[in-house]
Amino acid sequence: MSDKIELTDGNIIIRPCQPEDATVICEGVQESMQEMLKWAPWCHPDYSISDCKLWLDSRHQMWSEGIEYDFVIFNAKNNTFLGGCAIDQINRKHNFANLGYWVRTSQEGKGIATATVKLISQFGFETLGFTRLEIVAAVQNKASQRVAEKVGAVREGIHRNRHVVHDMIYDSVMFSLIPQS
């Protein structure tokens, strides 16, 4: 299933991560290290191509087992790597999941995250059948909160001690999306 998926709005293309994406993903993470270290628990100062390859090697299995759905984002016109997104932390009992996203520093402020969330949430609802997707952003992460607001996610409140990154514990704002009726 994952090899044939391509989501696009004409400006960006989102597709499942593949092993051959390691170089561009690693370059994007390294370029964006200052921001990534604040909000991405998996990121660390010495993040390398081998870290990326190791992670990518597990993506197909995670996808096929329905544990996590990871995507890369590219510019539809010039094929520039823009960032990543995922549907993870899946709870099938209550049919919801987390929706996460990041855009490399040089591409921020261009509406990429907003377009990405629109496409990936549609996939989550229509293809994966979720009835709720959550966007959880640390209270201090104003950029992620703005994206959630722009896509019409409902702000449900602040969850105390909800986000842990490198031994830092943050309160987080919980947003939710549900399928359009």
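One-based numbering along the sequence shown. Scope of the values below: all heavy atoms of this structure, side chains included, with no hydrogens, waters or symmetry mates.
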Problem - Any side-chain heavy-atom pair of Leu7 and Ile13 under 4.5 Å - result: no
Exercise for the section: Keeping the roles fixed (side chain from Lys53, backbone from Ser48), state whether a donor-acceptor pair exists under 3.5 Å. Expected result: no
Practice task
Using atom types as modelled and distance alone, determine if a side-chain donor or acceptor of His163 lies under 3.5 Å from a backbone N or O of Trp39.
Solution key: yes
Practice task
Look at atom CG of Asp167 and say whether more than 12 heavy atoms of other residues, nucleotides or ligands are closer to it than 6.0 Å.
Solution key: no
Problem - Straight-line distance of Trp102 CH2 to Met36 CE, nearest 0.5 Å - result: 4.5 Å
Handout entry: Distance-minimising heavy-atom pair for Pro16 and Val72
Key = O-CG2, 4.2 Å
Problem - Arg132 bridged to Glu156 by N-O distance under 4.0 Å - result: yes
Handout entry: Pairwise side-chain contact, Arg15 with Asp21, heavy-atom cut-off 4.5 Å (strictly under)
Key = yes
Handout entry: Nearest heavy-atom neighbours spanning Tyr69 and Ile90
Key = CE1-CD1, 3.5 Å
Completion exercise
Rounded to the nearest 0.5 angstrom, the CD-CD1 distance for Gln30 and Ile25 is 12.0 Å
Problem - Side-chain donor or acceptor of Asn91 paired with backbone N/O of Ala97 under 3.5 Å - result: no
Handout entry: Nearest non-hydrogen partners of Thr131 and Pro179, listed with the distance
Key = O-CD, 3.4 Å
Problem - Main-chain N/O of Ser106 paired with Glu31 side-chain donor or acceptor, under 3.5 Å - result: yes
Handout entry: Side chain Ser32, main chain Val29, donor-acceptor under 3.5 Å
Key = no
Handout entry: Sole residue of His60, Met62, Arg59 in side chain to side chain contact (heavy atoms under 4.5 Å, CB included) with Cys17
Key = Arg59
Exercise for the section: Say whether, by atom type as modelled, one donor and one acceptor occur between the side chain of Glu134 and the main chain of Met174 under 3.5 angstrom. Expected result: no
Practice task
Check for a donor-acceptor pair, side chain of Gln145 on one end and backbone N or O of Ala138 on the other, with a separation under 3.5 Å.
Solution key: yes
Exercise for the section: Please check if Val139 and Met168 belong to a single hydrophobic cluster, counting links between Ile, Leu, Val, Met, Phe, Trp and Tyr side chain heavy atoms closer than 4.5 Å. Expected result: no
Problem - Polar contact flag, side-chain donor to acceptor under 3.5 angstrom, Gln34-Thr105 - result: no
Handout entry: Minimum side-chain heavy-atom gap Glu27-Phe81 below 4.5 Å
Key = no
Problem - Spacing of CZ belonging to Arg162 relative to CG belonging to Asp171, to within rounding of 0.5 Å - result: 11.5 Å
Handout entry: For Thr114, all residues meeting side-chain hydrogen bond (donor to acceptor under 3.5 Å, both in side chains), sequence neighbours excluded
Key = none
Exercise for the section: Could you please spell out the steps behind the side-chain contact (heavy atoms from CB on, under 4.5 Å) verdict for Thr8 and Ile14? Expected result: CA-CA 6 Å; Thr8 187; Ile14 301 172; over 6 Å; no
Problem - Whether His166 side chain and Cys43 backbone form a donor-acceptor pair below 3.5 Å - result: yes
Exercise for the section: With Arg92 as the cation and Phe130 as the aromatic partner, state whether NZ or CZ is under 6.0 Å from the six-membered ring centre and within 45° of the axis. Expected result: yes
Handout entry: Heavy-atom closest contact (Cys52 atom, Ala22 atom, distance)
Key = SG-O, 3.6 Å
Practice task
Output all residues satisfying side-chain hydrogen bond (donor to acceptor under 3.5 Å, both in side chains) with Glu65, sequence neighbours left out; order by chain, then residue number.
Solution key: Gln61
Exercise for the section: Would you please classify the geometry between the Phe71 ring and the Phe123 ring as parallel, tilted or perpendicular, with 30° and 60° separating the classes? Expected result: perpendicular
Problem - Heavy-atom closest contact (Ile49 atom, Cys26 atom, distance) - result: N-SG, 3.4 Å
Problem - Donor-acceptor contact below 3.5 Å, side chain Asp51 vs main chain Leu54 - result: no
Problem - Side-chain touch Val117/Phe175, heavy atoms, less than 4.5 angstrom - result: no
Problem - Donor-acceptor pair, side chain of Asn95 and main chain of Gly129, under 3.5 angstrom - result: yes
Problem - Exceeds 12 heavy-atom contacts within 6.0 angstrom, atom CD1 of Ile67 - result: yes
Handout entry: Flag side-chain contact, heavy atom, 4.5 Å: Tyr101 against Ile135
Key = yes
Fill in the blank from the handout: CG (Leu133) and CG (Leu128) are apart, to the nearest 0.5 Å, by 8.5 Å
Exercise for the section: Decide whether Ile87 and Val136 are clustered together by the hydrophobic rule: side chain heavy atoms of Ile, Leu, Val, Met, Phe, Trp, Tyr closer than 4.5 Å, transitively. Expected result: no
Exercise for the section: Check whether Val165 and Trp42 end up in the same hydrophobic cluster, where Ile, Leu, Val, Met, Phe, Trp and Tyr are linked by side-chain heavy atoms less than 4.5 Å apart. Expected result: no
Exercise for the section: Taking only Lys NZ, Arg NE, NH1 and NH2, and the carboxylate oxygens of Asp or Glu, determine whether Lys38 and Glu35 approach each other closer than 4.0 Å. Expected result: yes
Practice task
Please round to the nearest 0.5 Å and tell me the distance separating atom CG of Asp9 and atom CD of Gln122.
Solution key: 10.5 Å
Completion exercise
To the nearest 0.5 Å, atom CD of Gln107 lies from atom CD1 of Ile12 at 11.5 Å
Problem - For the student: nearest non-hydrogen atoms of Ser121 and Leu177, plus distance - result: CB-CD1, 3.9 Å
Exercise for the section: Say whether Leu99 and Ile5 are linked into one hydrophobic cluster, either directly or through other cluster members, by side-chain heavy-atom distances under 4.5 angstrom. Expected result: yes
